[in-house]
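Scroll down for the structure; my scribbles are underneath it.
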Amino acid sequence: MTDAPARLALVRAALAKAERAAGRPEGETTLIAVSKTFDAADILPVLEAGQRAFGENRVQESQAKWPELKARFPDVELHLIGPLQSNKTAEAVALFDAIHTIDRPKIAQAVAKEMAAQGRSLKLFVQVNVGSEPQKAGVDPEDADAFVAQCRDAYGLELEGLMCIPPVDEPPAPYFALLDQIARRNGLKGLSMGMSSDFADAVPFGATHVRVGSAIFGTRPKPE
């Protein structure tokens with residue numbers, strides 16, 4: 001069982017098991033298949049297996065493969081899970097259905113402006129740097145409440161929730177719990193947390209979206 005549809009089935013089964021163990025309804029957690037660096041030929045079998053939520057890191061890469069795939073599978077939901085540059089905001093709002101990386105006022109303002117201009121309403125997540133790691137994007141936990149309020153009050157954004165990437169060498173559970181706490185006190189229901197190595201650990205803490213790449217698609221192609 002080395003092909004992507006078979007691995008997808010295993011991930012779905014593991015996710016359902018985690019939901020049952022946490023006392024949550026099966027299917028409550030959205031599985032985002034992270035297809036960054038894979039081309040349309042690699043993604044097609046996963047689409048044909050019924051997967052409809054996908055995640056990408058780069059706007060330009062996504063523009064090269066997803067318009068045609070979305071034309072064939074119009075019910076696809078495409079999530080931008082990588083950093084968004086302000087000069088790519090128009091393209092991102094046109095192509096994606098959700099952005100998980102709202103992390104600073106400039107991006108929040110640009111996304112609000114483009115959604116209004118294009119008449120689109122995307123699902124938006126604020127990225128929180130739960131480990132306060134200098135190399136990672138995201139709002140520091142102590143600044144998250146103020147930034148959420150700014151997104152709502154200054155830019156009129158209706159936020160879906162929060163996203164995080166815990167420190168790689170530490171147990172993720174405390175960081176998932178932290179994100180849940182921040183979301184609860186801000187009245188946010190969406191929690192985008194958990195990846196290939198730890199998505200089952202995110203479910204008990206209320207993850208609504210898990211972002212799984214290598215466990216579905218396998219080892220990523222080396223960049224040229």
Side-chain angles (χ1 to χ4, degrees), residues 18 29-37 54-62 79-89 92 96 98-111 123-152 155 157 159-186 188-217 219-220 222-223:
T29 312
T30 297
L31 171 61
I32 300 173
V34 180
S35 50
K36 65 178 184 181
T37 75
F54 289 82
E56 291 282 346
N57 263 37
R58 298 178 183 277
V59 175
Q60 192 168 348
E61 178 190 340
S62 305
H79 297 250
L80 179 62
I81 62 170
L84 175 59
Q85 297 172 320
S86 57
N87 64 350
K88 296 289 185 183
T89 305
F96 288 90
I99 298 174
H100 292 235
T101 50
I102 305 295
D103 63 352
R104 56 195 187 279
K106 184 177 181 180
I107 293 299
Q109 185 176 25
V111 168
K123 296 178 180 178
L124 302 176
F125 295 78
V126 166
Q127 182 173 356
V128 181
N129 185 356
V130 285
S132 298
E133 299 173 273
Q135 77 276 19
K136 283 185 180 174
V139 183
D140 284 336
E142 61 269 25
D143 298 326
D145 295 357
F147 183 63
V148 166
Q150 185 179 17
C151 286
R152 288 167 163 166
Y155 308 122
L157 294 178
L159 298 174
E160 180 82 6
L162 306 176
M163 182 272 258
C164 77
I165 305 172
V168 69
D169 294 326
E170 297 182 35
Y175 297 101
F176 294 154
L178 174 60
L179 197 73
D180 180 42
Q181 292 167 8
I182 298 171
R184 286 176 183 270
R185 68 174 180 249
N186 284 283
L188 293 168
K189 295 182 178 180
L191 289 170
S192 172
M193 58 189 192
M195 299 186 289
S196 287
S197 62
D198 58 16
F199 67 87
D201 298 321
V203 172
F205 294 97
T208 59
H209 297 72
V210 293
R211 311 178 307 272
V212 180
S214 58
I216 295 172
F217 289 99
T219 306
R220 301 199 177 283
K222 292 181 180 179

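Note that the numbering runs from 1 along the sequence shown for the chain.
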Could you tell me which residues satisfy salt bridge (Lys or Arg N to Asp or Glu O under 4.0 Å) with Asp143, sequence neighbours excluded, listed by chain and number? none
Taking C-beta and beyond as the side chain, do Glu56 and Phe96 meet within less than 4.5 Å on heavy atoms? yes
Exercise: identify the closest heavy-atom pair between Gln85 and Ile107: C-CD1, 4.0 Å
Listed by chain and number, what are the side chain to side chain donor-acceptor pair (under 3.5 Å) partners of Glu142, not counting sequence neighbours? none
More than 12 foreign heavy atoms under 6.0 Å from CZ of Arg58: is that the case here? no
Which pair of non-hydrogen atoms, one from Ile32 and one from Gly55, has the smallest distance, and what is that distance? CG2-N, 3.3 Å
Please report the C-alpha distance between Val139 and Val148 in whole Å, then the side-chain angles of each, then the deciding distance to 0.1 Å, and finally whether the side-chain contact (heavy atoms from CB on, under 4.5 Å) criterion is met. CA-CA 10 Å; Val139 183; Val148 166; over 6 Å; no
Which residues share a salt bridge (Lys or Arg N to Asp or Glu O under 4.0 Å) with Lys123, sequence neighbours left out: Glu77
Give every residue pair that meets the salt bridge (charged side-chain N to carboxylate O under 4.0 Å, His left out) criterion with at least one member in residues 128-139, sequence neighbours excluded. Glu133-Lys136
Taking all atoms of both residues into account, what is the closest heavy-atom pair of Gly161 and Leu188, and its distance? CA-CB, 4.1 Å
Between Ser196 and Gly213 the two heavy atoms that sit nearest each other are OG-N, 3.3 Å
Scanning both residues in full, the closest heavy-atom pair of Cys164 with Leu179 reads SG-CD2, 3.7 Å
Interatomic distance, OG@Ser35 vs CD@Glu61, rounded to 0.5 Å, equals 7.5 Å
Taking side-chain contact (heavy atoms from CB on, under 4.5 Å) as the definition, give me every residue that meets it alongside Pro83, ordered by chain and number, with sequence neighbours left out. none
Rounded at 0.5 Å granularity, tell me how far CD in Gln150 sits from CD in Gln109. 9.0 Å
Between atom CD of Gln127 and atom CD1 of Ile81, what is the distance when rounded to the nearest 0.5 Å? 10.0 Å
So do Phe199 and Thr29 actually touch side chain to side chain, heavy atoms under 4.5 Å? no
Ser197: side-chain contact (heavy atoms from CB on, under 4.5 Å) partners, not counting sequence neighbours: none
Can you name the salt bridge (Lys or Arg N to Asp or Glu O under 4.0 Å) partners of Asp180, sequence neighbours left out? Arg184
Kindly write out the residues that satisfy side chain to side chain donor-acceptor pair (under 3.5 Å) with Asp145, not counting sequence neighbours, or none if the list is empty. Arg185, Asn186
Under 3.5 Å, is there a donor-acceptor pair between the side chain of Arg211 and the main chain of Val34? no
Check whether any side-chain N or O of Ser132 sits under 3.5 Å from a backbone N or O of Asp140 as a donor-acceptor pair, and report yes or no. no
So do Asp103 and Thr101 actually touch side chain to side chain, heavy atoms under 4.5 Å? no
Output every pair passing ring pair (Phe, Tyr, Trp, His ring centres under 6.0 Å) with a member in residues 125-147, not counting sequence neighbours, ordered by first then second residue. His100-Phe125, Phe125-His209
Could you grab the distance from atom CE of Met163 to atom CG of Asn129, nearest 0.5 Å is fine? 10.5 Å
Counting only N and O atoms by type, is there a donor-acceptor contact under 3.5 Å from the side chain of Thr208 to the main-chain atoms of Leu191? yes
Residue list, side-chain contact (heavy atoms from CB on, under 4.5 Å) with Ala200, at least two apart or on another chain: Ala18
Of all residues at least two apart in sequence or in a different chain, which pass the salt bridge (Lys or Arg N to Asp or Glu O under 4.0 Å) check with Lys106? none
Once ring pair (Phe, Tyr, Trp, His ring centres under 6.0 Å) is applied, do any residues pair with Phe217, and if so which ones, sequence neighbours excluded? Phe38
Taking all non-hydrogen atoms of both residues into account, name the closest pair between Ile182 and Ala144 and its distance. CG2-CB, 3.8 Å
